[in-house]
Amino acid sequence: MMHALALAQRAADAGEVPVGAVLVKDDAVIGEGWNRPIGASDATAHAEVQALRDAGRRLGNYRLPGTRLYVTLEPCVMCAGAILHARVDQVIYGASDPKAGACGSVFDILPSDERFNHRTQCYGGVLAEQCGETLKAFFRARRQDARTSAATQSSCPS
């Protein structure tokens, strides 16, 4: 999870929401990613999808059984779908996402939807405080920047 947090910082440094993801198989990193939808002009460029793409390229296969995905924020519905199609065995996430989480916070897609032919186990709360603080600090800074920008614009003579 510490590696995922470092990747989340790469996203933050680029002005993206700080989420990082690492895909592991047999205790070796096979894929990694961080949020890049703004920089890539791609709504699907979430950290989890980036990690799955990276692993798929490295292994030459989109199926990734026997893997664990570590991600700093609970996956959304889109990412949960990609995780299911890739056949990832486990998702270990840090902070819960009360607005869009698909591992039980809002939706319960990965661990328990029996309509799918594959199930992915989910474990949340790993370094949750640190993962959550990374997100809070990012949005706090953005709000401060917006206030500073608004104050500067209102004080400029016309």
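Note that the coordinates shown come from a computational prediction; the quantities given were computed from them, not determined experimentally. Note: hydrogens, waters and symmetry copies are ignored here, and every other heavy atom, side chains too, is used.
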Given Y123 and Q90, is the side chain to side chain contact (heavy atoms under 4.5 Å, CB included) satisfied, shown in steps? CA-CA 8 Å; Y123 304 98; Q90 296 179 342; 3.9 Å; yes
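- In this structure, SG on C76 lies 9.0 Å from CD1 on I109, to the nearest 0.5 angstrom.
- Note: the hydrophobic cluster containing L59 also contains L69 (ILVMFWY, side chain heavy atoms under 4.5 Å, direct or indirect links).
- Proximity of I30 to V24: side-chain heavy atoms (C-beta onward) are nowhere separated by under 4.5 Å.
- Inter-residue side-chain proximity for V91 and I83 is flagged as met; some heavy-atom pair is nearer than 4.5 Å.
- The CG atom of L5 sits 14.5 Å away from atom CH2 of W34, with the distance rounded to the nearest 0.5 Å.
- Side-chain polar atoms of D54 and Q50 form no donor-acceptor pair below 3.5 angstrom.
- Counting heavy atoms from C-beta outward, D97 and V106 have side chains that stay 4.5 Å or more apart.
- Distance CG/L73 to NE2/H46: 10.0 Å, rounded to 0.5 Å.
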Checking L110 against R119 for the side chain to side chain contact (heavy atoms under 4.5 Å, CB included) test, could you report, in this order, the C-alpha distance in whole Å, the side-chain angles of both residues, the deciding distance, and whether it holds? CA-CA 6 Å; L110 289 181; R119 303 234 198 328; over 6 Å; no
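- When all heavy atoms of A4 and V22 are compared, the closest pair comes out as N-CG2, 3.7 Å.
- Hydrophobic clustering keeps I38 apart from F139 (ILVMFWY residues linked when any side-chain heavy atoms are closer than 4.5 Å, directly or through intermediates).
- Atom SG in C122 sits 7.5 Å away from atom CD in E74 (nearest 0.5 Å).
- M1 is not listed as a side-chain neighbour of Q130, based on a closest heavy-atom distance of 4.5 Å or more.
- T67 OG1 to R87 CZ: the interatomic distance, rounded to the nearest 0.5 Å, is 11.5 Å.
- In terms of modelled atom types and a separation under 3.5 Å, the side chain of T120 and the main chain of V88 share a donor-acceptor contact.
- Salt-bridge check for R140 with E133: passed, with a basic side-chain N closer than 4.0 Å to an acidic carboxylate O.
- Counting all heavy atoms, side chain and backbone alike, A80 lies closest to P75 at N-CB, 4.5 Å.
- Side-chain contact between Y70 and V126 is absent, with no heavy atoms from C-beta onward closer than 4.5 Å.
- Distance OG1/T134 to CD/E129: 11.0 Å, rounded to 0.5 Å.
- Here the closest non-hydrogen pair linking P18 and T72 is O-OG1, 3.9 Å.
- Shown here for G20 and L7, the closest heavy-atom pair between the two residues is CA-CB, 4.0 Å.
- In terms of hydrophobic clustering, with Ile, Leu, Val, Met, Phe, Trp and Tyr side chains grouped at heavy-atom distances under 4.5 Å, M78 and Y93 are assigned to different clusters.
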Would you sort out whether C103 and D108 count as a side chain to side chain contact (heavy atoms under 4.5 Å, CB included), showing the intermediate values? CA-CA 5 Å; C103 293; D108 209 12; 5.8 Å; no
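- Nearest heavy atoms, A128 versus G94: CB-O, 3.5 Å.
- For the pair P37 and E16, the minimum side-chain heavy-atom distance is below 4.5 Å.
- The heavy-atom pair separating A47 from N35 by the smallest distance is N-OD1, 2.9 Å.
- Using a 4.5 Å heavy-atom cutoff, the side chains of V29 and L23 are not in contact.
- Salt bridge status for D27 with R68: present, with a side-chain N to carboxylate O gap under 4.0 Å.
- Of the N and O atoms on the side chains of T44 and R36, not one donor lies less than 3.5 Å from an acceptor on the other residue.
- Within the 4.5 Å cutoff, the side chain of D89 has heavy atoms near those of the H118 side chain.
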